[in-house]
**Student:** 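Here you go, one structure.
So that the names make sense, note that chain A is the first sequence line, chain B the second, and so on, each numbered from 1.
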Protein chains: 2
Amino acid sequence: MKSLKTLLEEQAYRPAPDERPSVTVDIVLFTISEGELKLLLIKRRDEPFKAMWAIPGGFVRKGETLDQAALRELREETNVSGVYLEQLYTFGDPERDPRTWVITVAYFALVNSVNLQIKAETDAIDASWHSINNLPTLAFDHRKIVDYAVWRLRNKLEYTTVGFQLLPEKFTLTELQRVYEIILDKTLDKRNFRKKILSLSILKELNETKMDGIHRPAKLYTFVEKL
Amino acid sequence: MKSLKTLLEEQAYRPAPDERPSVTVDIVLFTISEGELKLLLIKRRDEPFKAMWAIPGGFVRKGETLDQAALRELREETNVSGVYLEQLYTFGDPERDPRTWVITVAYFALVNSVNLQIKAETDAIDASWHSINNLPTLAFDHRKIVDYAVWRLRNKLEYTTVGFQLLPEKFTLTELQRVYEIILDKTLDKRNFRKKILSLSILKELNETKMDGIHRPAKLYTFVEKL
DNA sequence: CCAAAAGTGTTAGTGATACACCCATGT
DNA sequence: ACATGGGTGTATCACTAACACTTTTGG
């Protein structure tokens, strides 16, 4: 048994167990399909907000990092893996969960449409992709989280290379341009786009072309970090 | 007493109290004085890392938001108020506290040197300012947090107006330039700096000058959001 | 030879950088 | 009159934005 001294020190050191919040991770998982930016939503099975749409997430477990928790939840709830993951913001409004005190560390994640296929096969009923232009009402403060994630994605697209995470390993420049256009929600000039992307020296031109059949074959490129 | 059903539902819904982490906020508080970028450190009174330097922080309490917790801790531990505050990142490595499971939401904060004076008077022994070029060994993973905060501050300086938070309400362009130079750790061209800052239309020229005595008086400006 | 997407250069404008001298004040 | 920091303009360079035609393929 612990000594009184130890107990008092611990008391001073950290709050009593029932004065601690629960901590969750919630993930805004984006993909591009059918020419739209979409995100994955789960239909809740439990209270609160039972039967309402929510972004995937769950409690952080003892012994795991936050990133690990986010990846685990994605795998468990949606069978998606191989994603790009990045911490977004931590939401701690005491009212955000109507029942109890839950602080959530929000993430945003990106998958390409190939991995998306895998997902759609294995998990059909409770999880589905929704266009960001047509979202249902979301549980908790998830709408706020989603809006922030979209804002961050748009920003990061301009000064980082996250965009590549939404494409398969090999892609054409037109496909890449479409990713940018869909996320930024505006058309881009083909020549200027190519000039800018190629000037970054982060693409390797492959000796392959995409034969989509009817048109002129397009060169395939692959993403190479810091050439 | 709660029914069995309720208990089971809650069990499913959230982890048992002793399976929850503690959650803290930790704040990297910057100021500029003596021509250097400094941050506030506290000498720890308790284990773990007793007597070691750490950034101010403490447990989030039930009923308060994370921002509120950060402001409260700053007030309690350092008597500083009126700061610019911004959430930085959440650190959740299960090993980051050697004793127990503590997740911390890190913030960075900025105060101008006027408020700094107030602080130094009221709190002398346990808290002091340290140049980021000469930091002692820090408790926990605080060094990592500090490094990240410095990186973020440098970045944000380039595309936001956070720099003004480190100056009093009225300031000269040279003083503003010094803030940028100290944080970015490089000299800037006076004419180009003025041209750029003034082109942003976020400064109002006052009909006052700073009479520092011996030299030509400098015009005073004040910061106006979105003119 | 037609339809459709791939691919390619030049010009104009805007913002960033480099650089040197006169001005106003107190002593 | 001098020492010191305050204040100002111009030329070059790099990046962004606007814009239209030729090429390659399958049918």
**Student:** Starting from the 5' end of DNA chain C, give me the residue, A:R191 or A:H215, whose nearest nucleotide shows up first.
**Tutor:**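 Between the two, 5'-proximity favours A:H215.
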
**Student:** Without swapping roles, check the side chain of A:E86 against the backbone of A:A109 for a donor-acceptor pair under 3.5 Å.
**Tutor:**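 Side chain of A:E86 to backbone of A:A109: no pair is present.
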
**Student:** Specify the residue among A:P217 and A:N192 whose closest nucleotide of DNA chain C lies further upstream toward the 5′ end.
**Tutor:**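 Closer to the 5' end of DNA chain C: A:P217.
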
**Student:** Which atom pair, heavy atoms only, marks the closest approach of A:I42 to A:A127?
**Tutor:**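 Looking at all heavy atoms of both residues, the shortest contact is CD1-CB, 3.7 Å.
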
**Student:** Quickly work out the B:I214 CD1 to C:dC23 C1' distance and round it to whole Å.
**Tutor:**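 Answer to the nearest Å: 16 Å.
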
**Student:** Does the ring centre of A:F171 sit less than 6.0 Å away from the ring centre of A:Y221?
**Tutor:**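 No, too far apart.
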
**Student:** Could you give the CD-to-C1' distance, from A:Q177 to C:dT8, as a whole number of Å?
**Tutor:**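 Going from A:Q177 (CD) to C:dT8 (C1'), I get 14 Å.
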
**Student:** So if I apply the side-chain contact (heavy atoms from CB on, under 4.5 Å) rule between B:L188 and each of B:R194, B:K196, B:E181, B:R178, which one comes out positive?
**Tutor:**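 Single pass found, and it is B:E181.
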
**Student:** For B:K195 and C:dC19, give me the distance from atom NZ to atom C1', rounded to whole Å.
**Tutor:**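 So the NZ-C1' distance, B:K195 to C:dC19, works out to 10 Å.
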
**Student:** Rounded to whole Å, please give me the gap between CG in A:L173 and C1' in C:dT8.
**Tutor:**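 Result: 12 Å.
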
**Student:** Using whole Å, report how far CZ of A:R216 lies from C1' of D:dT22.
**Tutor:**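 So the two atoms are 9 Å apart, to the nearest Å.
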
**Student:** Output the rounded distance in Å from CG (B:L198) to C1' (D:dG6).
**Tutor:**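 Checked: the CG to C1' distance equals 13 Å.
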
**Student:** Calculate the interatomic distance between B:F193 atom CZ and D:dG6 atom C1'; express it in whole Å.
**Tutor:**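 These atoms are roughly 14 Å apart.
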
**Student:** Among the nucleotides C:dA24, D:dG27, C:dC19, which one has an atom lying closest to any side-chain atom of B:D189?
**Tutor:**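 Of the options given, the side chain of B:D189 lies nearest C:dC19.
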
**Student:** For D:dG7 and B:R194 - does any side-chain N or O of the residue sit under 4.0 Å from the phosphate oxygens OP1/OP2?
**Tutor:**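 Checking B:R194 against D:dG7: at least one side-chain N or O falls below 4.0 Å of OP1 or OP2.
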
**Student:** How would you label the contact of B:K219 with the nucleic acid (heavy atoms, under 4.0 Å): base, sugar-phosphate, or nothing?
**Tutor:**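 Sugar-phosphate contact only - B:K219 comes under 4.0 Å of backbone atoms but never of a base.
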
**Student:** Whole Å only: how far is the OH atom of A:Y180 from the P atom of D:dT16?
**Tutor:**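 Rounding to the nearest Å, OH of A:Y180 and P of D:dT16 are 13 Å apart.
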
**Student:** Whether the side chain of A:E175 engages the backbone of A:T172 through a donor-acceptor N/O pair (distance < 3.5 Å, no angle test) should be reported.
**Tutor:**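 Looks like yes, one N/O pair under 3.5 Å.
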
**Student:** If the cut-off is 4.0 Å, is A:K190 near the phosphate of D:dA17, judged by side-chain N/O to OP1 or OP2?
**Tutor:**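 Result: no.
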
**Student:** Between B:T174 and D:dG6, does any side-chain N or O lie under 4.0 Å from OP1 or OP2?
**Tutor:**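 So the side-chain polar atoms of B:T174 do come within 4.0 Å of the phosphate oxygens OP1 or OP2 of D:dG6, strictly under.
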
